[in-house]
2 protein chains.
Amino acid sequence: MATEKVASWVVNLSYANLPPEVIQAAVSSFYNWVGCAIGGATHPTTTTAYEALTPFFGQPTSTLLGHKGARTDASHAALINGIASHVHDYDDTHLATIIHPTGPVASALLAQSEALGDVKGEDFILALVAGIEAECKLGMGVWPKHYDIGWHITSTVGSIGAAIAVGKLMKLQRTPMQHAISIAATQVTGLREMFGTDTKSFHVGRAAQNGLMAAVLAARGYTGSLQAIEAPRGWARVVSVSNDVDGEVGGLGQQWEIARNAFKPFPCGIVVHPVIDGCIQLHREMVAEGVTAADIERAHVRVHPLVLELTGKKTPQDGLQAKFSVYHGGAIGLVLGKAGPAQYEDNVVLSTEIVTVRDKITATADKGLGADETEITLTLKNGKTLTRNVQHAIGSVEVPMTTAQLEEKFVDQVSLVLGADGAQRASKACWALQGSESVTDLAKGI
Amino acid sequence: MATEKVASWVVNLSYANLPPEVIQAAVSSFYNWVGCAIGGATHPTTTTAYEALTPFFGQPTSTLLGHKGARTDASHAALINGIASHVHDYDDTHLATIIHPTGPVASALLAQSEALGDVKGEDFILALVAGIEAECKLGMGVWPKHYDIGWHITSTVGSIGAAIAVGKLMKLQRTPMQHAISIAATQVTGLREMFGTDTKSFHVGRAAQNGLMAAVLAARGYTGSLQAIEAPRGWARVVSVSNDVDGEVGGLGQQWEIARNAFKPFPCGIVVHPVIDGCIQLHREMVAEGVTAADIERAHVRVHPLVLELTGKKTPQDGLQAKFSVYHGGAIGLVLGKAGPAQYEDNVVLSTEIVTVRDKITATADKGLGADETEITLTLKNGKTLTRNVQHAIGSVEVPMTTAQLEEKFVDQVSLVLGADGAQRASKACWALQGSESVTDLAKGI
């Protein structure tokens with residue numbers, strides 16, 4: 001029954017059904033996604049795909065984010081924006097399943113909205129919510145076995161979420177919506193074996209394409225199975241060894257999953273986030289006290305053992321290595337009070353200013369601390385000590401990013417691609433989603 | 001090691017390595033594929049996909065078979081030709097795995113050959129063989145558990161076969177070939193749950209697209225895992241619960257799988273084939289003896305029990321039902337001496353001429369007979385009886401279709417779409433593959 005249940009729920013969902021916090025979460029998710037997609041637009045993984053696939057490009061209906069107004073057909077725009085939005089591993093996370101939910105769904109949705117034209121912000125939000133809710137519930141239905149087996153859950157359920165979102169945008173009725181789900185479900189894209197390669201972010205873009213194509217075919221009457229998810233040889237049983245998809249989809253609209261979507265404040269492994277958070281707080285205290293990095297004698301952090309296991313690199317030599325260094329994370333927090341993409345560029349990682357402080361940081365593992373907890377002791381040359389205890393890092397469910405922090409993240413990323421003015425303009429355009437009369441016009445302003 | 005082994009074998013394979021029977025099998029496989037693709041071009045499953053996806057079409061580099069010279073970008077041509085080639089379930093079968101091997105591989109290969117231009121027939125054949133061999137060996141490596149779980153093996157391995165073929169065409173070296181395999185392997189398309197719907201043949205087209213995209217990305221340096229197939233969380237372990245891919249790929253070039261590729265002589269379930277085969281033989285005997293269908297008193301067939309279980313429909317009402325009727329199969333054999341797509345059209349199924357004879361046929365199950373065996377007793381009104389014992393139906397490994405029979409199948413299918421002259425022209429063009437200086441020119445003649 002899961003396929004029919006999901007389709008019915010999605011078809012019956014109206015904008016009036018959405019609680020204000022769900023609308024807000026949708027706008028934030030969209031905003032964060034655009035920032036990441038523009039931020040990732042110049043990454044070689046994105047530009048290689050762009051160049052390789054140019055010979056296949058169709059009518060330029062849909063924006064390639066971060067590419068100076070360049071457009072292509074909706075399918076390729078979905079692919080390339082999807083890749084870009086995930087390539088820095090800096091997007092969003094549904095913490096219950098570690099799905100990055102917005103990438104596949106929004107990439108398909110923006111591209112097809114522009115291709116269709118005349119899509120209002122409210123309709124876009126409604127479709128985005130429908131796709132993300134279904135995607136997360138289906139993911140919860142097969143989690144964790146599905147992931148353990150080796151599937152990249154973001155893209156495997158992302159294909160289905162994208163189909164549902166585009167199907168909702170195209171106003172599919174229940175039966176064609178079931179077919180759209182089915183055509184997406186049969187395209188199971190994403191092996192975890194690809195992590196660490198270009199193909200990881202390709203999964204997100206391809207999921208967007210899979211879903212878009214599924215909805216477009218179903219809208220013309222193309223058929224799949226009406227029991228694609230729950231059949232004896234349906235999606236859930238083929239891709240997982242245990243599942244409760246029926247139970248999970250029964251909770252659609254009761255617990256809104258998009259409200260549990262978290263945004264990464266820093267472009268590095270999540271285990272480093274508490275240390276960065278605490279060090280940024282200490283940086284502010286230092287500024288208030290009139291002391292600078294030159295006044296630091298030493299710093300010590302106590303962290304959960306996992307932090308040193310995953311990010312114990314003491315002398316990172318470039319930006320990528322720095323993402324796995326709690327010492328670099330601490331240093332940029334203390335010295336610069338920021339940890340955006342610019343603070344992970346190679347020249348910053350190797351700068352005397354950062355290396356000097358980095359080498360003054362020591363760390364010990366403490367099993368008594370939570371994974372998102374840290375205790376930092378900063379000793380100044382004048383003998384004074386400053387301490388910070390972070391119990392939940394910024395970006396956790398307990399301490400979500402504020403709108404101002406989300407905006408800082410957006411602007412920091414986007415400025416590197418579009419410049420400071422471009423970033424401000426894009427930020428303003430994206431925040432205007434809810435009241436937008438035309439998503440096509442909105443996209444032109446990005 | 002499987003990924004590297006496959007890539008090395010493929011990269012080192014040269015046209016001079018191909019035994020003559022392998023080249024002949026490749027030409028026949030291509031020929032049969034083109035016939036099926038043109039024959040399926042006007043099927044609603046194909047035309048619906050064509051119409052739905054037109055807004056995404058790119059530069060018209062590649063032929064849409066059976067569509068009067070229409071062209072689109074290579075990716076969409078691969079998709080639509082792939083759908084068309086499988087939609088009648090009339091294509092080819094690698095009997096050891098029930099993979100339909102040519103659809104995904106040739107659909108990608110022809111489309112990309114035309115996009116690249118200047119591809120010789122020999123290079124096309126070499127790439128086709130490389131893709132099909134690797135595809136079948138990987139399929140054998142995960143068979144039968146992979147299929148039992150619920151995967152449509154034709155498309156799941158077809159994506160990889162298509163990537164290898166296009167990669168070979170584009171002269172990828174070993175490492176990029178491994179990446180191409182990887183990018184294809186991560187797109188696991190095809191649930192058996194979709195059988196009986198439009199999505200079944202979509203799988204074949206999508207596999208062609210998946211592989212094409214994988215090779216095109218890898219050619220530009222896009223990376224996946226170098227151990228995509230055999231890694232602990234690689235393709236073979238994620239999509240099957242047992243596998244021997246290493247062992248199977250070790251046999252590449254020793255046992256040529258394309259030489260074991262069989263072509264379906266009749267567009268219906270394979271269990272009916274012995275009865276049709278025997279009845280066509282009896283038709284010829286009747287003609288030789290100067291008797292006609294009007295002289296038939298009754299006919300009796302003894303068959304394996306599975307035949308009646310699967311195809312026991314006594315009074316089929318349309319072409320689709322007729323595919324599941326051993327009685328219709330027998331009647332068209334006896335009356336018309338043919339069982340091509342034209343003999344499965346609704347008006348033939350309901351014609352007095354066929355229904356009269358169909359109702360004179362009785363059948364009994366006999367466990368002592370093989371699944372591809374039958375004994376037929378035809379009693380004429382003059383009291384004479386003619387009998388036929390078919391031990392292996394035409395199209396089996398033991399009794400492969402002759403070139404003349406393959407040509408009859410081609411012409412019968414293609415005439416329905418291109419007319420008789422068009423079918424002859426296309427047939428001639430396809431047989432000229434081996435010596436062709438330009439596959440692009442060859443495709444223009446189809």
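Reminder, nothing fancy here: chain letters follow the sequence lines and each chain counts from 1.
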Peer 1: For the atom pair CD (A/Glu4) and CD (A/Gln178), what is the distance rounded to the nearest 0.5 Å?
Peer 2: 5.0 Å

Peer 1: Output the distance between atom NZ (B/Lys145) and atom CG (B/Asn243), rounded to the nearest 0.5 Å.
Peer 2: 12.5 Å

Peer 1: Under a 4.5 Å heavy-atom cut-off, does chain B meet the side chain of A/Gln209, its backbone, both or neither?
Peer 2: both

Peer 1: So which of B/Ile183, B/Val188, B/Val239, B/Thr48 has the largest heavy-atom pair count under 4.5 angstrom toward chain A?
Peer 2: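 Going by pairs under 4.5 Å, I would pick B/Val188.
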
Peer 1: Below 4.5 Å from any heavy atom of chain B, which atoms of A/Ser155 appear? Answer side chain, backbone, both or neither.
Peer 2: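 For A/Ser155, neither part sits under 4.5 Å from chain B.
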
Peer 1: How are the rings of A/His86 and A/His100 set to each other: parallel, tilted or perpendicular (split at 30° and 60°)?
Peer 2: tilted

Peer 1: Looking at CD of A/Glu135 and OG1 of A/Thr97, how far apart are the two atoms once the value is rounded to the nearest 0.5 Å?
Peer 2: 8.0 Å

Peer 1: With respect to chain A, which residue among B/Asp73, B/Thr197, B/Val216 yields the maximal number of heavy-atom pairs within a distance under 4.5 Å?
Peer 2: B/Thr197

Peer 1: If you count heavy-atom pairs under 4.5 Å with chain A, which of B/Val238, B/Ile149, B/Thr186 comes out on top?
Peer 2: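 That would be B/Thr186.
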
Peer 1: If you count heavy-atom pairs under 4.5 Å with chain A, which of B/Thr156, B/Thr72, B/Asp148 comes out on top?
Peer 2: B/Asp148

Peer 1: Using side chain to side chain contact (heavy atoms under 4.5 Å, CB included), reason through A/Ser182 and A/Thr3 one step at a time and then give a plain yes or no.
Peer 2: CA-CA 8 Å; A/Ser182 181; A/Thr3 312; 5.8 Å; no

Peer 1: Where on A/Leu79 is there a heavy atom nearer than 4.5 Å to chain B: the side chain, the backbone, both, or neither?
Peer 2: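 Just its side chain gets close to chain B.
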
Peer 1: Determine the option with the most heavy-atom pairs under 4.5 angstrom with chain B, choosing from A/Gly150, A/Gly196, A/Ala115.
Peer 2: A/Gly150

Peer 1: Decide whether A/Asn81 and A/Ser107 meet the rule of one side-chain donor and one side-chain acceptor closer than 3.5 Å.
Peer 2: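 The answer is no; no qualifying pair exists.
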
Peer 1: Does any heavy atom of chain B fall under 4.5 Å from the side chain of A/Leu226, the backbone, both, or neither of them?
Peer 2: neither

Peer 1: Chain A heavy atoms under 4.5 Å from B/Leu212: which part of the residue, side chain, backbone, both or neither?
Peer 2: side chain

Peer 1: Does the side chain of A/Thr189 pick up a donor-acceptor pair with the side chain of A/Asn210 at under 3.5 Å?
Peer 2: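 A/Asn210 and A/Thr189 do have a side-chain donor-acceptor pair below 3.5 Å.
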
Peer 1: Counting heavy-atom pairs closer than 4.5 Å to chain B, which one of A/Trp235, A/Phe202, A/Phe57 comes out on top?
Peer 2: A/Phe202

Peer 1: Check each atom of B/Thr45 against the heavy atoms of chain A and say whether the ones under 4.5 Å are side chain, backbone, both or neither.
Peer 2: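 It is both, since atoms from each part get that close.
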
Peer 1: If only atom types and distance count, is the side chain of A/Thr199 paired as donor or acceptor with the main-chain N or O of B/Thr223 below 3.5 Å?
Peer 2: yes

Peer 1: Between B/Gln59, B/Arg192, B/Lys200, which shows the greatest number of heavy-atom pairs under 4.5 Å with chain A?
Peer 2: B/Arg192

Peer 1: Below 4.5 Å, heavy-atom pairs only: which of A/His203, A/Met213, A/His76 has the largest tally toward chain B?
Peer 2: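 Maximum pair count with chain B is reached by A/Met213.
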
Peer 1: Measuring heavy-atom distances to chain B, does A/His152 have an atom under 4.5 Å in its side chain, in its backbone, in both, or in neither?
Peer 2: neither

Peer 1: I'd like to know if the side chain of B/Glu114 and the backbone of B/Thr63 have a donor-acceptor N/O pair within less than 3.5 Å.
Peer 2: yes

Peer 1: Checking side-chain polar atoms at under 3.5 Å, does B/Gln187 have a donor or acceptor matched by the opposite partner on B/Ser159?
Peer 2: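 Side chains of B/Gln187 and B/Ser159: no pair found under 3.5 Å.
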
